[in-house]
Amino acid sequence: MIFSQALVLLILLLILAISMGYFYVENKKIRRDHSEIMGVLKKSINLHHSQIHFRNAGLQKYDFTKYNLSEALLLQPEIIT
């Protein structure tokens, strides 16, 4: 009787240890994948941020009053479809 209870307890502990090991490995894999994705996203955000600054600097140099913007708003028959 005690032998069968000990055997059941041993089997349950073995199943618990295997389950914990499996979930530990899976969690580590998920965290690694997440870190990789976050790195790619951070690089992309930094690239877009630098492009925004570059374009903003170009707009700051552009003198809108120097050009007649009303001419830019005229319909151009060659591009109307």
Side-chain angles (χ1 to χ4, degrees):
M1 180 85 156
I2 291 184
F3 177 72
S4 64
Q5 289 176 346
L7 184 61
V8 169
L9 182 62
L10 182 64
I11 291 172
L12 286 176
L13 288 175
L14 183 62
I15 291 172
L16 177 66
I18 291 171
S19 296
M20 287 177 66
Y22 172 76
F23 286 113
Y24 174 77
V25 169
E26 285 298 311
N27 188 24
K28 198 172 179 181
K29 179 184 170 200
I30 289 170
R31 286 177 182 267
R32 185 186 68 237
D33 292 345
H34 175 73
S35 293
E36 207 173 286
I37 291 169
M38 290 302 294
V40 169
L41 290 175
K42 283 180 182 180
K43 281 183 182 179
S44 178
I45 288 171
N46 286 337
L47 173 65
H48 291 293
H49 190 67
S50 64
Q51 287 177 347
I52 288 171
H53 280 299
F54 178 77
R55 292 175 183 168
N56 221 0
L59 284 174
Q60 295 302 319
K61 293 176 188 175
Y62 189 80
D63 186 11
F64 286 100
T65 58
K66 186 176 178 182
Y67 302 99
N68 188 354
L69 294 182
S70 61
E71 290 179 8
L73 298 175
L74 293 176
L75 293 177
Q76 299 174 10
E78 57 272 0
I79 61 171
I80 295 176
T81 56

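Keep in mind it's a predicted model, so treat the numbers as computed, not measured.
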What distance do Ile45 atom CD1 and Ile52 atom CD1 have between them, rounded to the nearest 0.5 Å?
10.5 Å

With side-chain contact (heavy atoms from CB on, under 4.5 Å) as the criterion, how do Lys28 and Arg32 come out once you've worked through the C-alpha distance, each side chain's angles and the decisive distance to 0.1 Å?
CA-CA 6 Å; Lys28 198 172 179 181; Arg32 185 186 68 237; 5.8 Å; no

Pairwise distance CE(Met20) to CD1(Ile15) - rounded to 0.5 angstrom
14.0 Å

Consider side chain to side chain contact (heavy atoms under 4.5 Å, CB included). Of Leu14, Leu16, Leu10, Val8, which one does Leu12 pass it with?
Val8

Taking the side chain as C-beta and beyond, is there a heavy-atom pair between Leu47 and Gln51 under 4.5 Å?
yes

Measuring from atom CZ of Arg31 to atom CE of Met38, what distance do you get when rounded to the nearest 0.5 angstrom?
13.5 Å

For Ser44 and Val40, indicate whether the former's side chain and the latter's backbone hold a donor-acceptor pair under 3.5 Å.
no

